[in-house]
Amino acid sequence: MTLKVYNTLSGKKEEFETIEPGEVRMYVCGPTVYDSCHIGHARSVVFFDVVYRLLLSMGYRVTYIRNFTDVDDKIIKRANELGVTSEAISEKYIAEFYRDMDALNVKRATLEPRATHHIDDIIGIINVLIDKNMAYPVDGDVYFRVTAFEGYGKLSGRKLEDMEAGARIEVDERKENPFDFALWKSAKPGEPFWESPWGQGRPGWHIECSAMSWQLLGESFDIHGGGKDLIFPHHENEIAQSEAAFGKSFVRYWLHNGFVNINSEKMSKSLGNTTLIKDILDVYHPEAVRLFLMSNHYRSPIDFTEQSMKESSGNLDKLYALLLRVSDTYGNLPIIRLNSNNKARSGPVWKDFFAAMEDDFNTAKGLAVMFDAVRKTNRLLDDVTGETAFETKIQVEVLTTDIVKIANILGILSEIPMEYFERKQKDALESSAVDPEKIQKLIDERTAARKSKDFASADRIRKELEDMRVAIEDRPEGTIWKMMD
RNA sequence: GGCGGCUUGGCCAAGUGGUAAGGCGACGGCCUGCAAAGCCGUUAUUCUCCAGUUCAAAUCUGGAAGCCGCCUCCA
């Protein structure tokens with residue numbers, strides 16, 4: 001069993017081998033904190049969260065870095081518009097990022113550095129690059145000399161010559177080459193700045209990641225990730241800076257996730273269809289969002305629609321309903337949860353799931369394995385008889401342990417099933433203005449009618465409840481109800 | 001103009017040489033007073049099209065069509 005990952009650098013799936021045995025060093029580009037996070041951020045952050053969880057489950061010691069870009073033109077622009085400091089903007093959106101991602105059950109990274117806390121490291125790298133003649137200062141700016149770095153374009157598969165042909169890039173006369181990019185930008189009036197050998201200014205966008213990864217992970221590390229859009233120019237430029245500065249291979253495996261479309265359309269500010277995480281979480285359970293994000297391969301585009309979210313919500317219900325059913329039947333869910341953390345106790349379902357995940361994080365296939373197991377477990381529970389009870393219990397426990405273990409990797413099923421359904425009901429009630437006491441009264445009436453075999457009345461009451469969007473289920477232990485979606 | 005990707009049933013989606021996972025939906029059945037939930041069965045002789053390689057292709061090769069992304073801030 002070996003993990004295989006698709007490496008953007010080679011364009012192939014490769015066997016995953018760490019630089020240091022048993023240890024993974026991973027850096028993922030975090031957000032530029034100038035606005036609220038949207039579902040696209042969620043995809044990237046949740047995907048790498050799953051990668052992180054999987055690596056941990058494989059027994060690796062993982063150092064996971066996810067940065068915040070807290071100095072940038074867009075932040076400055078926003079701050080000026082609102083008449084506040086850049087810092088105020090970045091603090092606000094960092095806080096929002098945590099609120100959104102915590103809600104989505106995303107684990108914190110090992111370290112979550114900010115660009116502004118690493119200005120000295122940034123200046124240090126720029127100095128090295130200038131000394132090596134890979135960069136040049138002009139009027140307080142410093143540019144990277146792309147033609148001096150032989151491998152420029154190797155990540156994105158471009159050649160400088162090809163790009164120049166169709167380039168629509170502003171010509172800056174001070175640059176030696178139009179593709180030279182800023183390592184340091186001189187401060188204009190009203191902009192935040194730091195002192196540097198080239199005067200007051202601030203770092204360019206790409207250099208911070210080279211500086212922080214160097215400081216926190218070293219000159220070479222295992223995984224670098226981010227959205228597909230970062231391949232060029234951001235990651236291409238990071239490679240150029242880091243490899244030029246340190247003369248070593250920068251990153252072994254480059255992982256890039258695909259985009260989220262909204263109703264088959266590219267999500268963009270100009271189309272006005274930017275879908276924010278916080279707005280989605282007003283309507284859908286965070287774990288339903290995770291389930292949705294896992295429903296296709298991370299490198300493919302995924303389409304956010306009401307239908308797909310409803311499906312994911314329904315699937316989440318199905319999973320929690322199974323857990324509830326198991327604990328109602330056996331009352332041993334805490335034991336199962338405990339076992340699910342024990343590596344030695346994994347069954348065949350976990351092995352199938354893991355095999356899918358090992359193949360470049362095939363979560364869609366992994367989900368299929370899990371839903372197969374759900375069906376198997378329900379089938380067993382349907383067929384419980386006195387004779388088979390003990391044997392069934394063991395089989396159910398093995399299956400459920402695997403399901404919970406899988407859920408731990410996907411970052412779902414973190415709630416107590418009973419509480420999940422209670423909260424769901426409470427939320428639905430709040431948005432529907434239906435009186436729960438009235439519901440209970442009607443259910444009691446119906447139960448009485450059923451007892452006296454007055455099924456006409458019973459059905460009439462059920463219809464009445466349905467009109468209130470209340471669905472009922474008659475169970476051996478009594479009638480339960482829930483709000484319809 | 002340059003680079004890259006995608007096209008699998010009503011919908012979503014796995015599957016990279018050995019005869020089409022899974023989810024949603026629909027239909028039939030079990031269960032139920034009737035339902036719901038759960039379970040069982042049916043739902044792609046076929047994988048955009050054409051040609052080729054092969055004993056064998058959704059999977060490899062060549063070509064065509066359609067869709068999309070990146071090349072500018074962007075997860």
Side-chain angles (χ1 to χ4, degrees), chain A residues 8 11 13 28-32 34-35 37-48 72-74 77 153 156-159 161-170 179 205 225-234 236 256-261 264-270 274 291-292 295-303 305 307-308 310-312 314-315 317-318 321-322 324-325 352 356 359 362-383 449-450 453-456 458-459 462-463 466 471-476 479-482 484:
Chain A
T8 306
K13 266 188 220 173
V28 176
C29 286
T32 299
Y34 75 105
D35 205 348
C37 290
H38 51 63
I39 183 69
H41 294 104
R43 187 179 200 192
S44 178
V45 173
V46 168
F47 167 65
F48 286 104
D72 170 89
D73 290 352
K74 293 190 293 296
K77 183 166 171 263
S156 53
R158 302 153 202 267
K159 298 188 185 85
E161 312 89 77
D162 292 341
M163 292 196 294
E164 285 174 52
R168 269 199 279 158
I169 189 163
E170 260 182 67
F179 291 94
W205 174 33
K228 261 194 162 81
D229 52 325
L230 296 181
I231 295 170
F232 190 90
H234 185 53
E236 192 70 65
H256 294 98
N257 63 276
F259 291 109
V260 179
N261 291 136
S264 311
E265 243 179 2
K266 178 188 157 89
M267 180 170 61
S268 75
K269 299 217 165 175
S270 56
T274 308
L291 217 43
F292 160 71
S295 68
N296 80 349
H297 191 93
Y298 76 95
R299 283 189 280 116
S300 307
I302 188 169
D303 198 19
T305 63
Q307 193 198 333
S308 57
K310 282 198 166 151
E311 264 181 38
S312 294
N315 281 336
D317 280 354
K318 194 178 179 134
L322 177 78
L324 189 61
R325 194 177 178 195
D352 287 348
D359 185 11
N362 194 334
T363 51
K365 194 173 178 183
L367 246 31
V369 171
M370 183 166 65
F371 282 107
D372 253 346
V374 169
R375 186 152 33 80
K376 270 188 194 129
T377 311
N378 271 315
R379 187 161 52 210
L380 285 166
L381 291 167
D382 277 354
D383 294 341
R450 288 179 69 217
K453 308 271 184 207
D454 179 5
F455 295 122
D459 289 349
R462 181 169 57 204
K463 180 74 176 51
E466 276 169 8
I472 55 171
E473 272 181 50
D474 296 327
R475 298 204 183 171
T479 298
I480 63 145
W481 61 274
K482 60 183 182 185
M484 294 182 214

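Quick note on labels: first sequence line is chain A, next is B, and so on, each numbered from 1. Note that this is a predicted model, so its numbers are computed, not measured.
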May I ask which nucleotide in the shown strands pairs with [N], Watson-Crick or G-U wobble, both distances under 3.5 Å?
| N | result |
| --- | --- |
| B:rA36 | none |
| B:rC6 | B:rG66 |
| B:rU61 | B:rA51 |
| B:rC73 | none |
| B:rG41 | B:rC27 |
| B:rA14 | none |

What is the nucleic acid contact for [X], judged by heavy atoms within less than 4.0 Å: base, sugar-phosphate only, or nothing?
| X | answer |
| --- | --- |
| A:His297 | sugar-phosphate |
| A:Leu322 | nothing |
| A:Gly11 | nothing |
| A:Ser295 | sugar-phosphate |
| A:Val260 | base |
| A:Arg158 | base |
| A:Phe47 | nothing |
| A:Gly40 | base |

Practice task
When you get a sec, tell me which of B:rA14, B:rC11, B:rA75 is the closest nucleotide to the side chain of A:Ser300?
Solution key: B:rA14

To the nearest 0.5 Å, how far apart are [atom1] in [X] and [atom2] in [Y]?
| X | Y | atom1 | atom2 | answer |
| --- | --- | --- | --- | --- |
| A:Ile231 | A:Thr8 | CD1 | OG1 | 4.5 Å |
| A:Lys13 | A:Asp359 | NZ | CG | 3.5 Å |
| A:Met267 | A:Asp303 | CE | CG | 11.5 Å |
| A:Glu466 | A:Asp459 | CD | CG | 9.5 Å |

Handout entry: B:rA13 OP1/OP2 closer than 4.0 Å to side-chain N/O of A:Asn296
Key = yes

Problem - A:Lys266 vs B:rC70: side-chain N/O to OP1/OP2 distance below 4.0 Å - result: yes

Exercise for the section: Could you walk me through whether A:Arg325 and A:Asn378 pass side chain to side chain donor-acceptor pair (under 3.5 Å), step by step? Expected result: CA-CA 9 Å; A:Arg325 194 177 178 195; A:Asn378 271 315; 2.7 Å; yes

If you measure from the [atom1] atom in [N] to the same atom in [M], how many Å do you get, rounded?
| N | M | atom1 | value |
| --- | --- | --- | --- |
| B:rU45 | B:rA58 | C1' | 14 Å |
| B:rU7 | B:rG38 | P | 31 Å |
| B:rU43 | B:rG9 | P | 16 Å |
| B:rA51 | B:rC40 | P | 42 Å |
| B:rA20 | B:rA44 | P | 12 Å |
| B:rC39 | B:rA75 | P | 41 Å |
| B:rU8 | B:rG66 | C1' | 16 Å |
| B:rC50 | B:rG10 | C1' | 27 Å |

Practice task
Say whether, by atom type as modelled, one donor and one acceptor occur between the side chain of A:Asn315 and the main chain of A:Leu291 under 3.5 angstrom.
Solution key: no

Exercise for the section: Using modelled atom types only, decide if a donor and an acceptor are shared between the side chain of A:Lys269 and the backbone of A:Thr274 within a distance under 3.5 Å. Expected result: no

Nearest whole Å is fine: how far is [N] [atom2] from [X] [atom1]?
| X | N | atom1 | atom2 | value |
| --- | --- | --- | --- | --- |
| A:Ile231 | B:rG5 | CD1 | P | 11 Å |
| A:Asp303 | B:rC67 | CG | P | 17 Å |
| A:His256 | B:rC71 | NE2 | P | 13 Å |
| A:Asp73 | B:rC73 | CG | P | 9 Å |
| A:Phe232 | B:rG2 | CZ | C1' | 11 Å |
| A:Asp229 | B:rC3 | CG | C1' | 16 Å |
| A:Glu236 | B:rC3 | CD | P | 15 Å |
| A:Arg43 | B:rG69 | CZ | C1' | 13 Å |

Completion exercise
Note: for A:Met267 and A:Lys13 on RNA chain B, the residue whose nearest nucleotide lies more 5' is A:Lys13

Completion exercise
Between A:Arg299 and A:Lys74, whichever has its closest RNA chain B nucleotide further toward 5' is A:Arg299

Handout entry: A:Lys266 NZ/CZ over A:Phe259 ring centroid, <6.0 Å and within 45° of normal
Key = yes

Problem - Geometric cation-pi criterion, A:Arg158 with A:Phe232: 6.0 Å, 45° - result: yes

Completion exercise
Nearest heavy-atom approach of A:Ser295 to A:Ala364 is O-CB, 3.5 Å

Completion exercise
With sugar-phosphate taken as primed atoms, P, OP1 and OP2 and all else as base, the protein-contact string of nucleotides 26-38 of chain B at under 4.0 Å (heavy atoms; B, S, -) is -------BBBBSB

